[in-house]
2 protein chains.
Amino acid sequence: MKISQLSRRTGVPVASIKYFRREGLLPAGRATAATLAEYGEEHVERLRLIKALTTLGGLSIAATREVLGAVDHAHSTESALGAISYALPVPVAAQPAGGTEEEAQAAASAQAEVAALIGAMGWEAPDTSPHVQGLAAALKELRRLEAGYTPGELAAYAALAESVARLDLERAAPLDDPVALAERAVIVFAICAPVFELLRRLAQEDQVRRRAARTDDAPGC
Amino acid sequence: MKISQLSRRTGVPVASIKYFRREGLLPAGRATAATLAEYGEEHVERLRLIKALTTLGGLSIAATREVLGAVDHAHSTESALGAISYALPVPVAAQPAGGTEEEAQAAASAQAEVAALIGAMGWEAPDTSPHVQGLAAALKELRRLEAGYTPGELAAYAALAESVARLDLERAAPLDDPVALAERAVIVFAICAPVFELLRRLAQEDQVRRRAARTDDAPGC
DNA sequence: AGTAACTGGATAGTGGCAGTATCTTGTAGG
DNA sequence: CCTACAAGATACTGCCACTATCCAGTTACT
């Protein structure tokens, strides 16, 4: 298959295919001559995955490269899952850290809060995990906005998150071929996050509507 | 307070403050002379919120403007919650829709799937809701990637999402002043989504670790 | 009154990202 | 041999979120 056919099959412009190849997201075709290369089904597949990660998952090109790299170097299924999880961008950008005394104290207390939560949930996570860092940063900022979680609230959310993660793993688990599993895992981890977010919004919408109905119907009660 | 003091108080460069004002995110100060304006605590507060939405919530300037507009025009608490929810960006970009016959069919079946889910959950949501649209688009794409949900899985996720939404509303509910509630709601809706996402990742990380331990320790079982 | 420092506002410029277009050289097939 | 297309390198574009510069007006201080 030549590049123009690959383009027609996937709906991705030729120039973009070349761009993805340049950026290391797509392997080069098998060269048959100095100015000719052959592409296969795996390229179609890979392009689909790239499109899904960038448009559905909202990943940047750089993040997509990381994630695909983790997929490709998936020796064992578990290491692949871990690598993918770490390669996904953390949705919280750490603040530049003012350097103030209280700043540092707030950061420390947020970290302690995260550690306490992890302990309470019986989870295992190294302090170096980007998720731990990101969570601490987010909690610190929320506290500053006077919208911090109580430990109880946080634990409640964490319990629900654990249930969601269990479902995620079940969805990813059935496959045993490392590559297939890695691809599935990418989809489940990266793209199903937006799906859950949408479900949550729908549920919020419904809750708001109920709340509105309650206060309208029975304003005095 | 002059603009330079506002800048020092918040850590936001003067040029950025001017930019936010230009973009309609920050109201102008009270002009005391042709080249002099007075800023107050509400500006400090608003800047904090802007920073939180853009860096923590990952919102674009345009989305932030939408959301803040919803906060400002919060007549009743419920309308504010709804407006904010709709103003938040949907994390799934709809595909350009190929126009093929099967494309259209896939889109229709995804929409039916969403409608069925909403019915099964007893939720109420108009078809025009951006969340409904986005969810249908995401499900369609996942099906195309051969990673679609079974109705049971989707329902399980939806049930968990409902629990999360209930917690969200509880966190937002205690306040009754519309403006305070709107600000709180923005934070809960926009910024706590990343927090939950991080919790989920942590839980996934733990689950993966457990799975790895299981297969390592008892490879034959 | 004079002047340095600062202010608000308008306008233009910067850097990064995600492509898109152009150009050169090299086949392939009739 | 000639036309059409292929591959790869390089340059360009549009958008976004700032950032810098410029100008005229104001203030504080001497």
Nearest to side-chain heavy atoms of A:Ala37, which nucleotide of D:dT19, D:dA7, C:dG19:
D:dA7
Between B:Arg201 and A:Pro130 (side chain of the first, backbone of the second, donor and acceptor by atom type, cut-off under 3.5 Å), is there such a pair?
no
Assign each of B:Tyr39 and A:Ala33 the nucleotide of DNA chain C bearing its closest heavy atom; nearer the 5' end lies the nucleotide of B:Tyr39
Is B:Ser4 close enough to C:dC6 that one of its side-chain N or O atoms is under 4.0 Å from OP1 or OP2 there?
no
Can you tell which of C:dT7, C:dT27, C:dA10 lies closest to the side chain of B:Thr35?
C:dT7
Would you mind reporting whether A:Lys18 and A:Val14 have side-chain heavy atoms less than 4.5 Å apart?
yes
Nearest-nucleotide comparison on DNA chain D, the residue closer to the 5′ end among B:Ile61 and B:Leu36:
B:Ile61
Measure from NZ on A:Lys18 to P on D:dA11 and round the result to the nearest Å.
16 Å
Report the distance from atom CD of A:Glu38 to atom P of D:dG8, rounded to the nearest whole Å.
13 Å
Can you check the B:His43 NE2 to C:dG8 P distance for me, whole Å?
11 Å
Please state how far atom CD in A:Glu23 lies from atom C1' in D:dT10, giving the value in whole angstrom units.
14 Å
Nearest 0.5 Å please: distance from the CZ atom of B:Arg211 over to the CZ atom of B:Arg209.
14.5 Å
Using atom CD1 of A:Ile3 as one end and atom P of C:dT20 as the other, report the distance to the nearest whole Å.
14 Å
Answer with base, sugar-phosphate or nothing: what part of the nucleic acid does B:Thr54 contact at a heavy-atom distance below 4.0 Å?
nothing
To the nearest angstrom, the CZ-P distance between B:Arg21 and D:dA17 comes to 18 Å
Between A:Trp123 and B:Glu205, a side-chain donor and acceptor under 3.5 Å
no
So B:Arg22, base contact, sugar-phosphate only, or nothing? Heavy-atom distance under 4.0 Å.
base
Is the side chain of B:Tyr157 donor-acceptor paired with the backbone N or O of A:Asp168 at a distance under 3.5 Å, no angle test?
yes
Taking 4.0 Å as the cut-off, does a side-chain nitrogen or oxygen of A:Ser16 come that near to OP1 or OP2 on C:dT20?
yes
Winner on side-chain proximity to B:Ala34, out of C:dG19, D:dT26, C:dG9, is D:dT26
Within this structure, what is the OH-to-P distance between A:Tyr19 and D:dT13, rounded to whole angstrom?
18 Å
Name the nucleic acid region contacted by A:Ala15, choosing base, sugar-phosphate or nothing; use a 4.0 angstrom heavy-atom cut-off, strictly under.
base
Rounded distance (Å) that lies between atom C1' of D:dA6 and atom CD of A:Gln5
12 Å
